[in-house]
Amino acid sequence: MTAAFAIAGRSIRLIPRLASTFIPSLVMPVILTVAFSGALSSLVNLPMFPATKSIDWFIPMTTTMGGAFAGVTTGLGVARDFESGFYDRFLLSPIPRTSLIAGGALAAAMRSLIPISLMLLVANIGQANFKGGAFTVVPLIAAAMGFSVVASLWSMAIALKFRTVQAAPLMTTAVFLSVFLSTAQMPLHLLSGWIHTVAKFNPVTKILALARQGFLGEVTWEGSWPGLLALTGLLSLTLLLASLAMMGLSRR
């Protein structure tokens, strides 16, 4: 854990040095919030739409995406370290390989707090309804931070496999698809066709439901455990992928 915290600390210190790689994780969620909440504000007039304001529906989704983009930057950092040769120093050192993965995941969790804080400020400026009171932010932070770690493990697996920043589109596209093929824009009962089927089985649907709880009503355990279970499943899957990629790297 000492090595993991050191690696995570290095990742945090690189933010001001390589701000251009982190700024998109701050700008993109804000742009999406403004675009969706404005252009799709009439969604609240649909029958049985669960939100009274469009920002109540979209701010949890864009916050979760902001956390995910913060996680992707850790994978991009690994890819850059490969290209510069710096990651070879890690591989030649006596640091356990599990610490390399844990350090990246820990860095993602820490990095996600920045876009989460920014989006909470945007939510207040946009006068979002915090119907769950102070507990509104608890499931939101859990969803965004957890999805950030999922995105970091996925992006690290890709970085360890391809060892180049040219694999960045594969990292980000997977995040975009997983979110927008869920209930990102519409609740499940208002979706139809193939997108309804995909969103129904997409675990991100449960994660977004977890994040939206306090904006749509009270925060309850019944509304929380499906999202937490979905996060656990995705964390297990992406951790396996990152571990397999690290093992494949060791055999080269």
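Note that the structure is a prediction, hence the values are computed from the model and not measured.
Considering only heavy atoms from C-beta on, I15 comes within 4.5 Å of I114 through its side chain. Side-chain contact between L190 and H196 is absent, with no heavy-atom pair separated by less than 4.5 Å. With a 4.5 Å cut-off on side-chain heavy atoms, L208 and S182 count as touching. Contact check for I59 versus M119: side-chain heavy atoms found under the 4.5 Å cut-off. Using a 4.5 Å heavy-atom cutoff, the side chains of W154 and L241 are in contact. Using a 4.5 Å cut-off on side-chain heavy atoms (C-beta onward), V72 and V175 make contact. Side-chain contact between I207 and L234 is present, with heavy atoms from C-beta onward closer than 4.5 Å. Inter-residue side-chain proximity for T74 and S155 is flagged as met; some heavy-atom pair is nearer than 4.5 Å.
Between the NE2 atom of H189 and the OG1 atom of T183 there is a distance of 11.0 Å, given to the nearest 0.5 Å. Of the inter-residue distances, the one linking R212 atom CZ with T136 atom OG1 reads 14.5 Å to the nearest 0.5 angstrom. The OG atom of S152 sits 9.5 Å away from atom CG of L106, with the distance rounded to the nearest 0.5 Å. How far CG of L244 is from NZ of K161: 10.5 Å, rounded to the nearest 0.5 Å. Here the CE atom belonging to M246 is positioned 4.5 Å from the CG atom belonging to L100, to the nearest 0.5 angstrom. Summarising the geometry, atom OG belonging to S117 is positioned 7.5 Å from atom CD1 belonging to I141; distances are rounded to the nearest 0.5 Å.
Minimum interatomic distance between P226 and K206 (heavy atoms only, all atoms of both residues): O-CB, 3.8 Å. Across every non-hydrogen atom of A230 and P203, the tightest pair is CB-O, 3.5 Å. The shortest heavy-atom contact between V44 and K53 is CG1-C, 3.6 Å. When all heavy atoms are compared, the tightest approach of L160 to A242 is CD1-O, 3.9 Å. Nearest heavy atoms, S224 versus V219: OG-CG1, 4.3 Å. Nearest heavy atom pair, residue A108 against residue G71, reads CB-CA, 3.8 Å.
In the hydrophobic clustering of ILVMFWY residues, with side-chain heavy atoms under 4.5 Å counting as a link, I116 and V27 come out apart. F162 and V165 fall into different hydrophobic clusters, where Ile, Leu, Val, Met, Phe, Trp and Tyr side chains are chained together by heavy-atom contacts under 4.5 Å. Residue M61 is grouped with residue V198 when hydrophobic side chains (ILVMFWY) are merged at heavy-atom distances under 4.5 angstrom, including chains of intermediate members. Residues W194 and F201 are members of separate hydrophobic clusters, defined by side-chain heavy-atom contacts under 4.5 angstrom among Ile, Leu, Val, Met, Phe, Trp and Tyr. No continuous path of ILVMFWY side-chain contacts below 4.5 Å connects L118 to I23, so the two sit in separate hydrophobic clusters.
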(request) Any chance you could lay out the side chain to side chain contact (heavy atoms under 4.5 Å, CB included) test for F147 and M65, step after step, and finish with the verdict? (result) CA-CA 8 Å; F147 201 50; M65 286 193 68; 5.9 Å; no
(request) Show the numbers, then the answer: is there a side chain to side chain contact (heavy atoms under 4.5 Å, CB included) between I55 and F215? (result) CA-CA 9 Å; I55 194 171; F215 293 92; over 6 Å; no
(request) Walk me through it: do F49 and W57 pass the test ring pair (Phe, Tyr, Trp, His ring centres under 6.0 Å)? (result) CA-CA 10 Å; F49 195 82; W57 182 256; 5.4 Å; yes
(request) Take L210 and W225, measure what side chain to side chain contact (heavy atoms under 4.5 Å, CB included) needs, and give me the verdict at the end. (result) CA-CA 8 Å; L210 169 67; W225 73 262; over 6 Å; no
(request) Please lay out, stage by stage, how F82 and F90 fare under the test ring pair (Phe, Tyr, Trp, His ring centres under 6.0 Å). (result) CA-CA 10 Å; F82 268 115; F90 285 147; 9.8 Å; no
(message) Using the rule given for side chain to side chain donor-acceptor pair (under 3.5 Å), can you reason through R111 versus T73, listing the C-alpha separation, both sets of side-chain angles and the distance that settles it, and then say yes or no?
(response) CA-CA 9 Å; R111 281 172 171 246; T73 59; 2.9 Å; yes
(request) Output, in order, the C-alpha distance, side-chain angles, deciding distance and verdict of side chain to side chain contact (heavy atoms under 4.5 Å, CB included) for L40 and S54. (result) CA-CA 7 Å; L40 303 178; S54 58; 5.9 Å; no
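In terms of modelled atom types and a separation under 3.5 Å, the side chain of S236 and the main chain of T232 share a donor-acceptor contact. Not one N or O on the side chain of S148 forms a donor-acceptor pair closer than 3.5 Å with the backbone of A144. A donor-acceptor pair under 3.5 Å links the side-chain atoms of Q213 to the main chain of T220, judged by distance alone. Put simply, the side chain of T205 gets close to the backbone of A199: a donor and an acceptor are under 3.5 Å apart. A donor-acceptor contact shorter than 3.5 Å is absent between the side chain of S37 and the backbone of V34.
Ring-plane geometry between F176 and F69 is classed as tilted, the angle between the planes lying from 30 to 60 degrees on a 0 to 90 degree scale.
Salt bridge R163/D88: absent, no basic N to carboxylate O contact under 4.0 Å.
Checking each of V179, L188, L177, L181 against N202 for a side-chain contact (heavy atoms from CB on, under 4.5 Å) leaves exactly one that passes, namely L181.
Counting non-hydrogen atoms of other residues, nucleotides and ligands closer than 6.0 Å to CZ of F5 gives a total of 12 or fewer. Remark: M186 CE is packed, more than 12 non-hydrogen atoms of other residues, nucleotides or ligands lying under 6.0 Å away.
Under a 4.5 Å side-chain heavy-atom criterion applied to ILVMFWY residues, the cluster that includes L92 comprises that residue alone. Side-chain contacts under 4.5 Å among hydrophobic residues (ILVMFWY), followed directly or transitively, place I125 together with L121.
Side-chain contact, N129 with T52: a donor N or O sits under 3.5 Å from an acceptor N or O.
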